[in-house]
Number of protein chains: 2
Amino acid sequence: MANDTHDAFIYRADCPSRVILDQLGDKWSMMILAVLVVEPHRFNAIKRRLEGVTQRVLTQTLRKLERNGMIGRRVLGGSPPGVEYALTPLGRSLQKPFAVLYEWTLTHIDTIQKHQQAYDRKRKVG
Amino acid sequence: MANDTHDAFIYRADCPSRVILDQLGDKWSMMILAVLVVEPHRFNAIKRRLEGVTQRVLTQTLRKLERNGMIGRRVLGGSPPGVEYALTPLGRSLQKPFAVLYEWTLTHIDTIQKHQQAYDRKRKVG
DNA sequence: CGGTATCCCACATGATACTG
DNA sequence: CAGTATCATGTGGGATACCG
């Protein structure tokens, strides 16, 4: 063995972890999926449930999710006309990983905040 | 029932999903944790395993992970002197959620890319 | 070895106005 | 209703140089 104890595995910026972060790491994607997991929604119905999102950003995010195959877009004929967004099977398959993450977050959110406060106190004093 | 079929739950920008994304949604955090899960590493040992990271950004990211309680920082006396970073129990507790996410990614990465290509073809032609 | 200090730019997001 | 167009801005990240 040369330098390090374990032979080095080099992580590159295009590591598989990026795949999911590039898709869901933005501000609204996960919340959109959380809305659509209940049932399909129209554009403005989604917008009403996301406090503070702008039309522009919502459109962008929906396009990205559609491009990645997470949601489908369907134009509704009839009156009133509209567009409906719904989860695809791929999008639905995210539910389990999300549930695990969500559970972890709820379990540890207090611990995290305590660490942050302790760290900030040390910085302020020291 | 008034407006929507289900009574609305409004998602705000400070949704719990942000907690984890704010900490691990950046470019290098997950890879750093993946390095440290093997064993504690020194600063430059981590740097060598992350292709393309700069000292500045690595320092920033390590500080953030430390502040959030994911990793610990220990100054090594002796020769040569140095600093060692290691996972805390909190950081280690992320292994299971990560494993689930990683498995999902490996399972569906092909499907995602096919969706992306199909979407881009339609855009180019249409 | 393990950092800081500057400078810079690309990109994500937001505000606002307009449209088929 | 469901967008597009335009403009503005904050921040993440990179390049580079210097420091104890």
Side-chain angles (χ1 to χ4, degrees), chain A residues 3-4 11-15 17-18 21-32 35-36 40-68 71-86 123 126, chain B residues 3-4 11-15 17-18 21-32 35-36 40-68 71-86 123 126:
Chain A
N3 8 24
D4 271 301
Y11 290 88
R12 314 176 78 251
D14 57 353
C15 166
S17 74
R18 294 310 314 172
L21 287 178
D22 287 343
Q23 304 191 12
L24 309 172
D26 61 79
K27 191 164 180 175
W28 301 103
S29 285
M30 289 185 65
M31 288 183 251
I32 291 172
V35 167
L36 295 184
H41 281 67
R42 298 167 63 150
F43 184 89
N44 279 321
I46 300 172
K47 187 168 187 300
R48 262 176 260 123
R49 295 191 183 216
L50 303 184
E51 185 177 280
V53 72
T54 60
Q55 279 188 334
R56 173 171 141 62
V57 171
L58 180 55
T59 301
Q60 281 179 349
T61 310
L62 288 169
R63 292 287 174 277
K64 189 165 85 172
L65 289 170
E66 188 191 357
R67 177 172 183 267
N68 294 333
I71 64 175
R73 178 182 186 275
R74 191 164 66 94
V75 177
L76 304 172
S79 176
V83 177
E84 185 182 80
Y85 292 93
R123 287 273 140 177
Chain B
N3 9 22
D4 271 300
Y11 290 89
R12 316 176 77 251
D14 57 353
C15 165
S17 74
R18 295 309 315 170
L21 287 178
D22 288 342
Q23 305 190 14
L24 309 171
D26 62 79
K27 192 164 180 178
W28 300 104
S29 285
M30 289 184 66
M31 289 182 252
I32 291 173
V35 167
L36 295 184
H41 280 68
R42 298 168 63 151
F43 184 89
N44 279 322
I46 300 172
K47 185 168 188 298
R48 262 177 258 122
R49 294 189 185 219
L50 303 184
E51 186 178 280
V53 73
T54 60
Q55 278 189 334
R56 173 173 137 67
V57 171
L58 180 55
T59 300
Q60 281 180 350
T61 311
L62 288 170
R63 292 287 175 276
K64 189 164 84 172
L65 289 170
E66 188 191 355
R67 176 171 185 269
N68 293 334
I71 65 175
R73 177 182 187 274
R74 190 163 68 94
V75 177
L76 304 172
S79 175
V83 177
E84 186 182 80
Y85 292 93
R123 287 273 138 175

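The chains referred to below are lettered A, B, ... by the order of the sequence lines, with proteins before strands, and numbering in each begins at 1.
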Write down the distance between CG (B:Leu58) and C1' (C:dA5), rounded to a whole number of angstrom. 17 Å
Please check the phosphate of D:dG3 (OP1 and OP2 only) for any side-chain N or O of A:Tyr85 closer than 4.0 Å. yes
Is any side-chain heavy atom of B:Arg67 less than 4.5 Å from a side-chain heavy atom of A:Arg123? no
Yes or no on side chain to side chain contact (heavy atoms under 4.5 Å, CB included) for A:Arg73 and A:Ile71, after CA distance, side-chain angles and deciding distance? CA-CA 7 Å; A:Arg73 178 182 186 275; A:Ile71 64 175; over 6 Å; no
Round to the nearest Å and state the distance from A:Asp26 atom CG to D:dT11 atom C1'. 15 Å
Could you encode protein contacts along nucleotides 15-20 of chain D as a string, one character per nucleotide from 5' to 3', using B for base contact, S for sugar-phosphate-only contact and - for no contact, with a heavy-atom cut-off of under 4.0 Å? B-----
Whole Å only: how far is the CG atom of B:Leu50 from the C1' atom of D:dG14? 15 Å
So how far is it from B:Arg18 CZ to A:Trp28 CH2, rounded to the nearest 0.5 Å? 9.0 Å
Rounded to the Å, how far apart are A:Phe43 CZ and C:dT19 C1'? 14 Å
With heavy-atom distances below 4.5 Å as the criterion, would you say the side chains of A:Arg12 and B:Met31 are in contact? no
Residues B:Ile46, B:Leu62; criterion side chain to side chain contact (heavy atoms under 4.5 Å, CB included); working and verdict: CA-CA 10 Å; B:Ile46 300 172; B:Leu62 288 170; 4.2 Å; yes
Closer than 4.0 Å, any side-chain N/O of B:Arg63 to the OP1 or OP2 of C:dT4? yes
Can you list the steps and then say if B:Ile32 with B:Leu58 is a side chain to side chain contact (heavy atoms under 4.5 Å, CB included)? CA-CA 9 Å; B:Ile32 291 173; B:Leu58 180 55; 3.7 Å; yes
Heavy-atom nearest pair, A:Leu21 first then B:Leu24, reads CD1-O, 3.6 Å
Can you work out whether B:Trp28 or A:Thr59 has the more 5'-proximal nearest nucleotide on DNA chain D? A:Thr59
Counting any heavy atom closer than 4.0 Å, what does B:Lys47 reach on the DNA or RNA strands: base, sugar-phosphate only, or nothing? nothing
For atom CD of B:Glu51 and atom P of D:dG13, their distance in whole Å: 17 Å
What is the distance, to the nearest angstrom, from the CG atom on B:Asp22 to the P atom on D:dT11? 13 Å
Rounded distance in Å - CD (B:Gln60) to C1' (D:dG13): 8 Å
Measure the angle between the two terminal helix axes of the helix from C:dC1-D:dG20 to C:dG20-D:dC1, five base pairs each, and quote it to 10°. 50°
5′-ward residue of the pair A:Leu76/B:Lys64 relative to DNA chain D: A:Leu76
Could you please spell out the steps behind the side chain to side chain contact (heavy atoms under 4.5 Å, CB included) verdict for A:Asp26 and A:Gln60? CA-CA 11 Å; A:Asp26 61 79; A:Gln60 281 179 349; over 6 Å; no
Do A:Leu65 and A:Leu36 have side-chain heavy atoms sitting under 4.5 Å apart? no
Check the distance between D:dG3's C1' and A:Glu66's CD and give it to me in whole angstrom. 13 Å
